[in-house]
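One structure is given below, encoded as structure tokens.
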Amino acid sequence: MVQSKRRKTMTATFLAYGVASRAMEASQASINIVGNNISNVNTEGYTRQRVDIVSVTTSGKTEKFATPVISTGIGAKAVRTTQLRDPFIDARYRTQNAEANRYETMVKGLSNLEDVFDEASTEALQGELSSFINDLQSLSQTPTSSDIAQVARSAAEKVTQTINMYAIQLEEVRIEQTENLEVVVNSEFNTYVKNIASLNKQIQNEEIYGNTPNELYDQRNLLIDKLSGVANIEVSMAPADVITENLSIPHYSIKIKNQSGGEDIMLVDNGRYSEMSLDASDPLNVQLKIVDTTGVERSDVNSNVLDGSLRGYINLINGKGSFANTSVGESDSRGIYYYARKMDIFANQFATELNVINSNITGATTELPLFTDASGTSTANITAKNLQVSTAWLKNPSYINTTKNPVIDPPPTADYTATPASSDNILRLIEKMSDKIDFKDSLGNTIITGTFNEYMTSAVSEVATDVELHSNFFKTATNVFQTISDARDSVAGVSLNEEGVNLSAYQKVYNAAMRYFNVLDENLDNIINKMGV
């Protein structure tokens with residue numbers, strides 16, 4: 001009977017050593033994790049970790065004739081290391097990141113446009129228009145002077161060259177933005193999805209063997225955060241892949257949702273990934289294409305990428321503003337296309353109005369254009385880029401008709417038209433420069449009514465308004481993003497103050513476990529050496 005009691009006592013005593021040992025192990029693991037957190041406080045993408053500790057119990061065994069004894073737990077056990085993340089905050093963070101990057105891209109591109117149109121101030125195009133009017137007024141006073149006629153022609157050349165300059169600069173901005181888009185597609189989007197898929201394979205292998213690869217999770221989450229700045233994405237970890245009867249691991253996928261309700265565009269499907277390319281065969285309507293994870297080429301990317309830097313560049317390059325046909329999916333943002341088209345309308349209207357006056361001459365049987373396209377003779381398709389002074393006017397400064405009813409003396413030759421003494425037509429040209437004109441698009445719709453200067457002032461104001469508007473949107477989106485980022489950091493970020501408190505607490509638990517060991521040693525010594533048999 002004495003031996004039975006002693007055996008129960010010894011069993012309980014040695015069981016207590018297990019309790020103390022597990023307490024030390026759990027505390028030591030927690031201290032190690034705190035040290036790991038502190039050492040990674042400045043590591044990009046690092047997620048704060050913790051040790052999951054569970055209580056160990058003796059329950060689970062039933063003995064019909066067991067002697068009732070006082071039942072206690074047998075301590076605590078460290079079972080795993082987990083990351084502190086909130087999936088809901090992560091989703092909000094990535095959605096807001098996409099929006100902020102779209103506005104940031106738009107602001108940068110529109111600021112480049114603003115730099116172009118800032119040149120259309122009094123020092124540039126409007127200044128050249130004023131100089132042209134002044135030279136026409138001088139010509140109206142001395143209509144027979146070939147020298148003054150030459151000065152007026154030179155002023156007209158400066159006007160056309162300045163308009164050409166804006167067209168060229170707009171084209172340069174478009175080329176730059178297209179190149180930037182190509183960099184985003186190849187160096188960012190394609191790199192991110194490829195690396196995420198590779199990490200998925202590594203993570204899956206680790207999970208199959210029962211490991212918890214927190215560092216690989218961090219690398220993957222960091223890449224997903226960066227990818228979210230490129231496009232609007234959705235991340236899913238369901239349904240789980242069944243490996244064995246007792247093991248299932250998450251099926252990781254990233255997609256762009258189809259806005260029309262059709263099949264979503266799968267970017268990453270576990271270890272498989274898509275590849276994006278840029279089709280710029282039509283420089284004014286670039287298209288994004290994707291070969292998805294199943295090998296199918298998707299041509300509906302432009303209509304489904306609604307956010308991120310990709311959307312920003314598409315709006316900048318393809319944005320047609322009020323000229324867009326939204327029924328076929330054209331972007332109605334005011335981008336480079338829109339402002340280039342505005343300049344084309346200005347150039348065409350400018351040439352048309354002045355050509356009509358110069359051709360409205362008694363006895364004239366053909367058009368007598370002052371301005372043409374690059375051919376020097378045709379007025380069929382004048383744009384801001386090809387506008388120039390006509391070849392006939394370049395050859396002969398007096399080609400500009402000073403009067404509607406000329407008295408030609410001496411008779412004109414093939415290369416020369418005599419300049420009559422009257423200046424009524426020059427006055428008409430001057431008046432037209434100050435008249436309000438209906439500027440029309442290719443469909444004949446009036447887009448604005450005003451003078452040439454008012455038209456350019458309107459264009460400058462529009463781009464300035466767009467920059468200010470998108471700058472405000474960007475500031476708002478950035479503020480919201482920062483708020484969400486702070487909320488995420490409060491969960492997943494490392495706080496040195498908090499880790500310091502945890503370190504102190506775990507150290508006290510460790511010391512207490514050591515003290516528990518000492519007590520057990522003293523008790524065991526009493527049992528072995530001081531109790532009688």
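FYI, the numbering just counts along the sequence from 1.
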Which heavy atom in [X] sits nearest to a heavy atom in [Y], and how many Å separate them?
X	Y	result
G45	L222	CA-CD1, 4.2 Å
N37	V494	O-CG1, 3.5 Å
A513	A23	CB-CB, 3.8 Å
R311	S331	NH2-CB, 4.4 Å
V193	S274	CG2-O, 3.5 Å
L316	T105	CD1-O, 3.5 Å

Quick one: are [X] and [Y] in side-chain contact, heavy atoms under 4.5 Å?
X	Y	answer
T191	K194	no
V268	V235	no
L170	F117	yes
I224	I254	yes
S21	F517	yes
I175	Q177	no
R298	K289	no

Open item on the list: Can you classify the ring geometry of Y103 versus F473 as parallel (below 30°), tilted (30 to 60°) or perpendicular (above 60°)?
Closed with: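 Because their plane-to-plane angle lies in the 30° to 60° range, the rings of Y103 and F473 count as tilted.
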Open item on the list: Over 60° means perpendicular and under 30° means parallel, so tell me whether Y338 and F323 are parallel, tilted or perpendicular.
Closed with: tilted
Taking [X] for the side chain and [Y] for the main chain, is one N or O donor matched with an acceptor at less than 3.5 Å?
X	Y	answer
T95	A91	yes
S485	F481	no
D218	Y46	no
N258	E263	yes
Y166	L125	yes
N302	V286	yes
N232	D307	yes
N40	N36	yes
Q259	K257	yes
N190	E275	no

Verify the distance criterion only: is there a donor paired with an acceptor across the side chains of [X] and [Y] at less than 3.5 Å?
X	Y	result
N214	T212	no
Q287	N285	yes
R85	T47	yes
N221	D225	no
N497	S495	no
E462	Y339	no
Q204	N200	no
S228	N97	yes
N211	E207	no
N511	Q507	yes
S253	D269	no

- [ ] Please name all residues satisfying salt bridge (Lys or Arg N to Asp or Glu O under 4.0 Å) with E104, sequence neighbours left out, ordered by chain then number.
- [x]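 Per chain and number, E104 pairs via salt bridge (Lys or Arg N to Asp or Glu O under 4.0 Å) with K108.
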Is it the case that over 12 heavy atoms from other parts of the model lie below 6.0 angstrom from the [atom1] atom of [X]?
X	atom1	result
R22	CZ	yes
Y506	OH	yes
N518	CG	yes

- [ ] Report the C-alpha distance between H251 and M237 in whole Å, list the side-chain angles of each, state the deciding distance to 0.1 Å, and finish with yes or no for side chain to side chain contact (heavy atoms under 4.5 Å, CB included).
- [x] CA-CA 5 Å; H251 185 99; M237 291 192 293; over 6 Å; no
Task: N472 and E468: CA distance, side-chain angles, deciding distance, side chain to side chain donor-acceptor pair (under 3.5 Å) verdict - done: CA-CA 6 Å; N472 290 336; E468 182 179 6; 4.6 Å; no
NZ/NE/NH1/NH2 to OD/OE distance under 4.0 Å, [X] and [Y]:
X	Y	value
R92	D90	no
R102	E99	no
E25	K77	no

Open item on the list: Using the side-chain contact (heavy atoms from CB on, under 4.5 Å) definition, which of the options V184, V185, D292 pairs with M276?
Closed with: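 Exactly one option meets the side-chain contact (heavy atoms from CB on, under 4.5 Å) with M276, and it is V185.
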- [ ] Could you walk me through whether D441 and I345 pass the side chain to side chain contact (heavy atoms under 4.5 Å, CB included) test, one step at a time?
- [x] CA-CA 7 Å; D441 60 18; I345 291 174; 4.3 Å; yes
Measure the spacing between [atom1] of [X] and [atom2] of [Y] and express it to the nearest 0.5 Å.
X	Y	atom1	atom2	value
M106	S111	CE	OG	10.5 Å
I265	E234	CD1	CD	11.5 Å
I196	N270	CD1	CG	12.5 Å
I203	K201	CD1	NZ	13.0 Å
I256	D300	CD1	CG	9.5 Å
L181	L288	CG	CG	5.5 Å

Task: Pi-cation contact, Y337 with K320 (under 6.0 Å, within 45°) - done: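 Checked: cation-pi criterion met.
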Task: Aromatic Y455 / basic K342 pairing, under 6.0 angstrom, 45° off normal - done: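 Judged by the rule (NZ or CZ under 6.0 Å from the ring centre, within 45° of its axis), K342 counts as positioned above Y455.
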Task: Evaluation steps, side chain to side chain contact (heavy atoms under 4.5 Å, CB included), between E176 and N180 - done: CA-CA 6 Å; E176 179 186 2; N180 290 343; 4.0 Å; yes
Open item on the list: Applying salt bridge (charged side-chain N to carboxylate O under 4.0 Å, His left out) to D486 and R488, what does each step give before you reach the verdict?
Closed with: CA-CA 5 Å; D486 291 342; R488 188 166 81 156; over 6 Å; no
TODO: Evaluate the side chain to side chain contact (heavy atoms under 4.5 Å, CB included) criterion for residues S236 and Y252: first the C-alpha distance (whole Å), next the side-chain angles of each, then the deciding distance (0.1 Å), finally the verdict.
DONE: CA-CA 6 Å; S236 173; Y252 213 90; over 6 Å; no
